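Here is the structure we will look at.
So that the names make sense, note that chain A is the first sequence line, chain B the second, and so on, each numbered from 1. Computed from a predicted structure; not experimentally measured.
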Amino acid sequence: VARRRNISAQTLAVLAVFQHKPAEWLYGYELSRLTGLGSGTLYPLLMRLHQQGLLEAMWLEAQRPGRPPRHGYRLTPDGAALARESQPSPKLALQPKERPA
Amino acid sequence: MTTSSNDRTAVAALMRLAVGLMPDDQREWGIAMQNEVDHVGRGPQGLAWALGCLWTAVAQRLAPRPWLYLFALAVGIALVGFFEWRTDEATVTLSVILLASLILGALKARAFWLTGVLIGATVYAVDLFARLSGLHPIYEHAARTPADPTTLVLMVPALIAAAVGAGLSALVRPKRPKP
């Protein structure tokens, strides 16, 4: 990535979460809980990152039987590069919500 | 029915609606949001999640597409031209200009200036066409005199109406996060 893009605070928060867990598949609700973003903000953002080739999505079997599969997300190499490049400033530090998983 | 089961029914109904509203090529994302509901929890959290998902689906469904704006712009220009050709009532033409600009401004806020310029210049374009073609509107008995460039002042109300439309759409739509 040649130059820093104009990235929203919400996207920075999501990228920061992925950067902390680069190898893990993260779920929508988990991301919502860790970033404090509601589903109405989070999903359009994830869709756009996916559309831009920065995020990969995969259906993963639920850990508990009888539950539907979940959509897991993790950054692509391009997404990881963008996350590294756009280190969030301290004031954008994550503020996880205290909610049960 | 208990409150809890009412909530679950409402959440399930909202999620079904959200999945149904998602565009076909994004239906998978609707199902992904729906399948997360089990993990979100019940009560207000689940309801808030479902409402956010519903909003996402509506926003995806209504996301402005370039062809839609261009088509609407062509219709707007055609309507202004039609009324300018058919009637000599300036208030009618002005009303159509304002209405078309307002709607187009709301449809594509970032192009409000383009809307204002093109819709506002339509009357002059019609005058120019009448002059060059030798045709004349039905309410005139002879071909027009040279097109009057002062009609380009109609760009001002068109620009204002388009900006108002853009402002209204910004109030209604939530901010789309920039990746």
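- Under the 4.5 Å side-chain criterion, counting only non-hydrogen atoms from C-beta, A/Met47 is not in contact with B/Glu28.
- Between A/Val14 and A/Leu34 the shortest side-chain heavy-atom distance does not fall below 4.5 Å.
- Here A/Ser39 is the residue among A/Ser39, A/Pro68, A/Gly28 with the most heavy-atom pairs under 4.5 Å with chain B.
- Not counting sequence neighbours, the partners of A/Trp59 by the ring pair (Phe, Tyr, Trp, His ring centres under 6.0 Å) test are A/His71.
- Neither the backbone nor the side chain of A/Leu15 comes within less than 4.5 Å of any heavy atom of chain B.
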Q: Could you give me the CA-CA distance, side-chain angles and deciding distance for B/Tyr69 and B/Thr115, then say whether side chain to side chain donor-acceptor pair (under 3.5 Å) is met?
A: CA-CA 10 Å; B/Tyr69 169 72; B/Thr115 295; 2.7 Å; yes
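- In this structure, the portions of B/Ile31 lying under 4.5 Å from any heavy atom of chain A include both its backbone and its side chain.
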